[in-house]
Amino acid sequence: MTPLARLIAARIRLSGPMRLDEYMRLCLLHPEHGYYATRDPFGAAGDFTTAPEISQIFGEMVGLALAQAWLDQGRPAPFTLAEIGPGRGTLMADILRAIRVVPGMAEAARVVLVEASPHLRRVQRGRLGEIAHLDDVSQLPQAPLFLVANEFFDALPIRQFQRGAQGWAERVVALDQDGGLEMGLAPAPEGDAGLPPAAEGAIRETCPEAAPIVAQVAGRIAAHGGCAILIDYGGWDGQGDTFQALRRHRPEDVLANPGEADLTAHVDFAPLALAARAAGARVSRMARQGDWLLRLGIAQRAERLAAAGDAGAMAALHRLTAPDEMGHLFKVLAFWARHAPVPAGFEPLDDDADDA
Ligand code: SAH
C-alpha cells in the first residue's frame with residue numbers, strides 16, 4: 001500500500017466510505033503525498049505527455065489566438081494574461097514568446113498562474129522567472145482577462161453515480177475484507193436530483209468544481225472584456241465511467257496506487273458552456289483540437305519549422321492534429337466578451353448568436 005492508501009483506509013475506517021471527489025482530491029493534491037504536490041509528472045520520463053510538452057508549436061497557436069482576440073477587443077492595457085494549471089510553465093513560456101510579434105501586448109500583460117501545487121509553482125518560477133501565483137480563480141484581478149487552461153479541468157475531482165433498480169447510487173471508495181481499497185455503492189445523498197433518466201447500470205459523472213471556476217472566469221470577462229480558451233479531452237455531455245489512472249504512460253486501476261498515479265476524468269463541455277453563458281460571456285461551439293489548430297494554420301507553421309531544421313515539427317503536427325492521435329479526443333471551447341468578435345478558429349454556439 002502507498003502511504004496515502006494507508007491514510008485513506010484509516011479515514012474510511014473512521015468515517016465510512018469516501019466519495020470519489022474526496023478520494024481524487026487527496027490523491028492529486030494532498031500536501032505531503034499528493035501526486036501533483038510531490039512531483040513533476042510530465043514528459044517521457046514521467047507519467048504522461050501534454051500538448052505543450054510535445055512542441056512549442058502548440059503554445060504558439062494558443063498565443064496567436066489570444067493575441068488576435070486582444071487586438072479585436074481594442075488592445076486593453078493593462079490586462080491579465082492567465083493560465084490555470086500551468087504544469088511546467090511550458091505553455092505560458094511559448095505564449096509569451098508568440099505574442100511578442102504583437103506590438104505592446106507583452107508590455108500590457110500582467111501574467112498570473114493559478115496553481116495549487118507548491119512543487120509545480122517552483123518549477124514554473126524556474127521556467128518563467130518571478131511570476132504571480134494565485135490559489136484559485138476567485139483571486140483573479142478585476143481587469144480584462146485573457147486566459148488558457150490545458151488539461152486542467154480533467155484533473156478536477158469528479159463524483160460518479162450509478163443507476164440501480166431503485167434509482168441513483170453514488171460510487172464510493174470502501175474497504176474490502178483485508179482492509180484494502182475497493183469500489184462500493186452508497187445511497188446518493190441528493191437522490192435523483194439533477195441526474196437525467198437512464199437505464200439501469202448507467203453511470204454519470206459530475207465535476208462539482210468545474211462550473212464555479214468557469215463562472216468566475218466568465219464573470220471577469222463579461223465585466224471587463226477578454227477571452228478564455230479551454231482545451232481538454234472529453235466531449236459535450238458524456239456518459240459512462242471515464243475515471244482513469246495513468247502511471248508511467250500506462251493505464252492502471254484508479255485505486256491501485258493513490259498519490260502515485262495521475263487521476264483524471266473526461267471533461268464534459270456542455271455544463272462549462274452553460275456556466276460561461278450564465279455568467280454573461282458568449283460561448284463557442286466545442287471544436288476538435290485538430291480542426292481548431294489546422295484552422296489557425298498549424299500545418300503551415302510546422303512546415304516552416306521543418307524547413308528551418310526542426311526535425312520534430314512534422315511529427316508534432318501529426319500528434320496534435322491527427323484523428324487517431326490527439327486531434328479528435330481533445331476538444332477546445334472558447335468564451336469571450338459579448339459584442340467582441342468570435343475568437344480565431346471558433347464558431348459561436350448556434351443558439352448564442354443573438355447579438356453577434
Ligand atoms: N497545463 C499543463 C499541466 C496539466 S496537469 C500542461 O498542459 O502540460 C494539471 C495542472 O493543474 C497541474 O499544474 C496541477 O498542479 C494543476 N492543478 C490540479 N488541480 C488544481 C487545482 N484544484 N487548482 C489549481 N491547480 C490545479
Side-chain angles (χ1 to χ4, degrees), residues 21-63 66 81-96 111-128 131-140 147-158 207-214 216-217 228-234 244-247 249 259 261-267 289 293 316 319-320 326 329-332:
D21 55 341
E22 190 184 354
Y23 175 76
M24 198 170 163
R25 193 174 297 115
L26 286 170
C27 287
L28 294 181
L29 295 176
H30 184 280
E32 197 182 339
H33 305 297
Y35 182 73
Y36 285 118
T38 53
R39 69 194 73 210
D40 176 355
F42 311 102
D47 295 300
F48 58 90
T49 305
T50 59
E53 303 298 335
I54 290 173
S55 165
Q56 65 181 63
I57 207 170
F58 179 79
E60 289 172 357
M61 293 297 126
V62 173
L66 291 176
L81 178 60
E83 181 175 1
I84 326 180
R88 278 183 178 162
T90 306
L91 176 55
M92 184 53 82
D94 291 336
I95 289 173
L96 287 170
V111 179
V112 301
L113 304 179
V114 181
E115 174 58 68
S117 155
H119 174 72
L120 288 175
R121 283 185 179 199
R122 279 193 293 277
V123 174
Q124 290 152 17
R125 275 196 296 269
R127 185 71 197 263
L128 296 161
I131 209 115
H133 278 114
L134 307 179
D135 294 325
D136 68 79
V137 290
S138 69
Q139 300 166 339
L140 283 167
L147 176 142
V148 65
N150 183 64
E151 290 210 46
F152 165 73
F153 285 89
D154 66 50
L156 290 180
I158 57 146
C207 183
E209 292 175 26
I213 289 173
V214 166
Q216 286 280 347
V217 173
I229 298 175
L230 315 183
I231 308 149
D232 228 307
Y233 50 100
Q244 62 181 46
L246 208 58
R247 200 160 66 109
H249 298 268
D262 184 40
L263 296 182
T264 62
H266 283 208
V267 174
Q289 170 175 298
L293 291 173
R319 272 189 82 180
L320 293 169
M326 300 174 81
L329 176 62
F330 280 73
K331 309 298 194 312
V332 197

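All ligand and atom numbering here is 1-based and tracks the order in the structure.
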Checklist outcome for this item: Result for side-chain contact (heavy atoms from CB on, under 4.5 Å) between Ile229 and one of Leu147, Asn150, Leu66 points to Leu66
Checklist entry - Taking C-beta and beyond as the side chain, do Leu263 and Cys27 meet within less than 4.5 Å on heavy atoms? => result yes
Next on the checklist: For a 4.5 angstrom cut-off between non-hydrogen side-chain atoms, does Thr264 reach Leu246?
Outcome noted: no
Checklist entry - Is any side-chain heavy atom of Leu81 less than 4.5 Å from a side-chain heavy atom of Met92? => result yes
When you check ligand 1 against the protein, what N or O pairs turn up below 3.5 Å? List the atom names and distances, or just say none.
{"unit_1": "ligand 1", "atom_1": "1 (N)", "unit_2": "Gly85", "atom_2": "O", "d": "2.7"}
{"unit_1": "ligand 1", "atom_1": "1 (N)", "unit_2": "Asn150", "atom_2": "O", "d": "2.7"}
{"unit_1": "ligand 1", "atom_1": "7 (O)", "unit_2": "Thr50", "atom_2": "OG1", "d": "3.3"}
{"unit_1": "ligand 1", "atom_1": "7 (O)", "unit_2": "Asn150", "atom_2": "ND2", "d": "2.7"}
{"unit_1": "ligand 1", "atom_1": "8 (O)", "unit_2": "Thr50", "atom_2": "OG1", "d": "2.5"}
{"unit_1": "ligand 1", "atom_1": "13 (O)", "unit_2": "Gly87", "atom_2": "N", "d": "3.0"}
{"unit_1": "ligand 1", "atom_1": "13 (O)", "unit_2": "Glu115", "atom_2": "OE1", "d": "2.6"}
{"unit_1": "ligand 1", "atom_1": "15 (O)", "unit_2": "Glu115", "atom_2": "OE2", "d": "2.5"}
{"unit_1": "ligand 1", "atom_1": "25 (N)", "unit_2": "Ala116", "atom_2": "N", "d": "3.3"}

Next on the checklist: Within the 4.5 Å heavy-atom criterion, are Phe42 and Thr90 side-chain neighbours or not?
Outcome noted: no
Checklist entry - To the nearest 0.5 Å, how far apart are CZ in Phe330 and CG in Leu320? => result 9.5 Å
